[in-house]
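Excluded from the calculations below are hydrogen atoms, water molecules and symmetry mates; all remaining heavy atoms, backbone and side chain alike, are included.
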Amino acid sequence: MKEYRAELDPLGTLVWKTMEGWDGRNSNRIIKKLDRIIDKNPCLITAYNSKCTILEDEGRTEELTLLTEKAYNIVLDRILDSNGNYPDSLPYSCLENRPLLEVLVNQASEKWASADWNEAEKIMRQLLEMNPDDNHGIRIMLLAVFERIGKNDFWDMFPEDDYSSLEKWFNEKGAGYDVLKGYVGV
């Protein structure tokens, strides 16, 4: 079994310290600091994820989409082998992999939001294969994609923190899809 394990980058600590200073009113200043970090290490995924968090909070969707795509391509360059194959395993339990998984989840979510059903499904299936523990709830997003429920419509279906309704919906609908059967009723 081929497992991918990312390496820690010392600039990652600088990203965390930079984000600690973000208060929602100083987004442009923090983004400039993150850009300088990215200039020093264009492959530091944590910096991209942090910048995406700010862009999403600010509602800057065009910039967010472009940055998510860029980060996604960097992650693919890192994890795909020379034949373009994904690793068999990209475990969330390995802390260094979490930023990579976050990018993959964000890209899947972007594709779901834009109703690019096939691409969203492809990424989500790959995430479940590499991380079957499904720490990000991909199984639920994937079911929504199978059912062709748009991202915004989906989250409107369930009141905030109403996990019992969400679980009931998943167990009823998810049983009809082979890839989700192992998650139904769990």
Side-chain angles (χ1 to χ4, degrees), residues 19 22-25 27 30-31 45-46 48-76 79 86-95 97-186:
M19 287 303 288
W22 178 49
D23 62 12
R25 296 180 309 251
S27 298
I30 298 298
I31 286 173
I45 297 304
T46 305
Y48 289 91
N49 288 340
S50 296
K51 187 173 174 182
C52 284
T53 297
I54 294 171
L55 294 174
E56 183 174 30
D57 185 71
E58 300 258 314
R60 294 159 66 174
T61 53
E62 285 183 31
E63 291 173 83
L64 175 63
T65 300
L66 291 172
L67 189 63
T68 300
E69 183 75 28
K70 182 176 182 178
Y72 177 68
N73 288 324
I74 292 169
V75 168
L76 290 183
I79 67 171
Y86 285 85
D88 296 327
S89 176
L90 189 67
Y92 184 81
S93 59
C94 177
L95 294 177
N97 289 343
R98 291 180 183 184
L100 305 175
L101 288 164
E102 185 178 346
V103 167
L104 296 171
V105 169
N106 289 344
Q107 181 70 353
S109 184
E110 284 286 321
K111 296 301 180 183
W112 176 25
S114 66
D116 186 345
W117 306 112
N118 293 333
E119 191 62 21
E121 178 184 340
K122 180 181 131 194
I123 297 167
M124 290 175 188
R125 281 179 178 268
Q126 194 60 56
L127 276 161
L128 280 179
E129 283 183 37
M130 294 185 302
N131 183 31
D133 290 342
D134 191 24
N135 307 86
H136 293 93
I138 294 300
R139 65 192 176 279
I140 292 167
M141 293 167 54
L142 183 56
L143 179 55
V145 167
F146 286 155
E147 295 286 312
R148 297 299 192 254
I149 301 169
K151 183 178 175 181
N152 292 332
D153 295 335
F154 176 78
W155 294 116
D156 289 343
M157 289 170 49
F158 304 101
E160 192 172 329
D161 297 330
D162 183 4
Y163 299 110
S164 61
S165 294
L166 181 62
E167 184 178 0
K168 181 180 177 199
W169 173 81
F170 180 80
N171 288 332
E172 287 173 2
K173 298 284 187 175
Y177 298 95
D178 288 340
V179 71
L180 300 176
K181 284 186 180 175
Y183 298 100
V184 172
V186 177

Just by modelled atom types, is the T61 backbone N or O under 3.5 Å from a matching donor or acceptor in the T65 side chain?
-> yes

Could you check if a side-chain atom of Y86 sits within less than 4.5 angstrom of a side-chain atom of M130, using non-hydrogen atoms only?
-> yes

Rounded to the nearest 0.5 Å, what's the gap from CG on L66 to CD on E110? Could you check?
-> 9.5 Å

Note, K122 side chain near N118 side chain (heavy atom, < 4.5 Å) = no

Between A120 and A108, which heavy-atom pair has the shortest distance, and what is it?
-> CB-O, 3.9 Å

Could you list the donor-acceptor pairs under 3.5 angstrom formed between side-chain atoms of residues 134-143 and any protein atom two or more places apart in sequence or on another chain?
unit_1	atom_1	unit_2	atom_2	d
D134	OD1	G137	N	3.2
D134	OD1	I138	N	2.6
D134	OD2	I138	N	3.3
D134	OD2	R139	N	3.0
D134	OD2	R139	NH1	2.4
N135	OD1	N131	ND2	3.0
R139	NH1	D134	O	3.4

Are the side chain of W112 and the backbone of I149 linked by a donor-acceptor contact shorter than 3.5 Å?
-> yes

Within a reach of under 6.0 Å around CD of E69, are more than 12 heavy atoms found that belong to other residues, nucleotides or ligands?
-> yes

Would F154 and V145 satisfy side-chain contact (heavy atoms from CB on, under 4.5 Å), going step by step from the backbone distance to the final call?
-> CA-CA 10 Å; F154 176 78; V145 167; over 6 Å; no

Could you go through the salt bridge (Lys or Arg N to Asp or Glu O under 4.0 Å) check for E121 and R125 one step at a time?
-> CA-CA 6 Å; E121 178 184 340; R125 281 179 178 268; 2.8 Å; yes

Identify the two heavy atoms, one from Y183 and one from F170, that lie closest to each other, and give their separation to 0.1 Å.
-> O-CE2, 3.6 Å

How far does CZ of R148 sit from CH2 of W117, to the nearest 0.5 angstrom?
-> 6.5 Å

When rounded to the nearest 0.5 Å, the distance separating CD1 of I30 from CG of D23 is 7.5 Å

Are the side chain of N49 and the backbone of P99 linked by a donor-acceptor contact shorter than 3.5 Å?
-> yes

Write down the atom of I31, the atom of L55, and the distance for their closest heavy-atom approach.
-> CD1-CD2, 3.9 Å

Of the non-hydrogen atoms in V184 and G174, which two are nearest, and what is the gap between them?
-> CG2-C, 3.5 Å

Take atom NZ of K151 as the centre, draw a 6.0 Å sphere, and report whether it contains more than 12 heavy atoms from other residues, nucleotides or ligands.
-> yes

Between NZ on residue K70 and SG on residue C52, distance to nearest 0.5 Å = 11.0 Å

Can W22 and I54 be said to form a side-chain contact (heavy atoms from CB on, under 4.5 Å), step by step?
-> CA-CA 9 Å; W22 178 49; I54 294 171; 3.6 Å; yes

Residues S27 and E58: closest non-hydrogen pair is OG-OE2, 2.7 Å

Does the pair S164 and D162 meet the rule for a side-chain contact (heavy atoms from CB on, under 4.5 Å), with working shown?
-> CA-CA 6 Å; S164 61; D162 183 4; 3.2 Å; yes

If we only count heavy atoms from C-beta on, is the K168 to F158 side-chain gap below 4.5 Å?
-> no

Give, for atom CG of N152 and atom CG of D156, the distance between the pair rounded to the nearest 0.5 Å.
-> 6.5 Å

When rounded to the nearest 0.5 angstrom, what is the spacing between CD1 in I123 and OH in Y72?
-> 3.5 Å

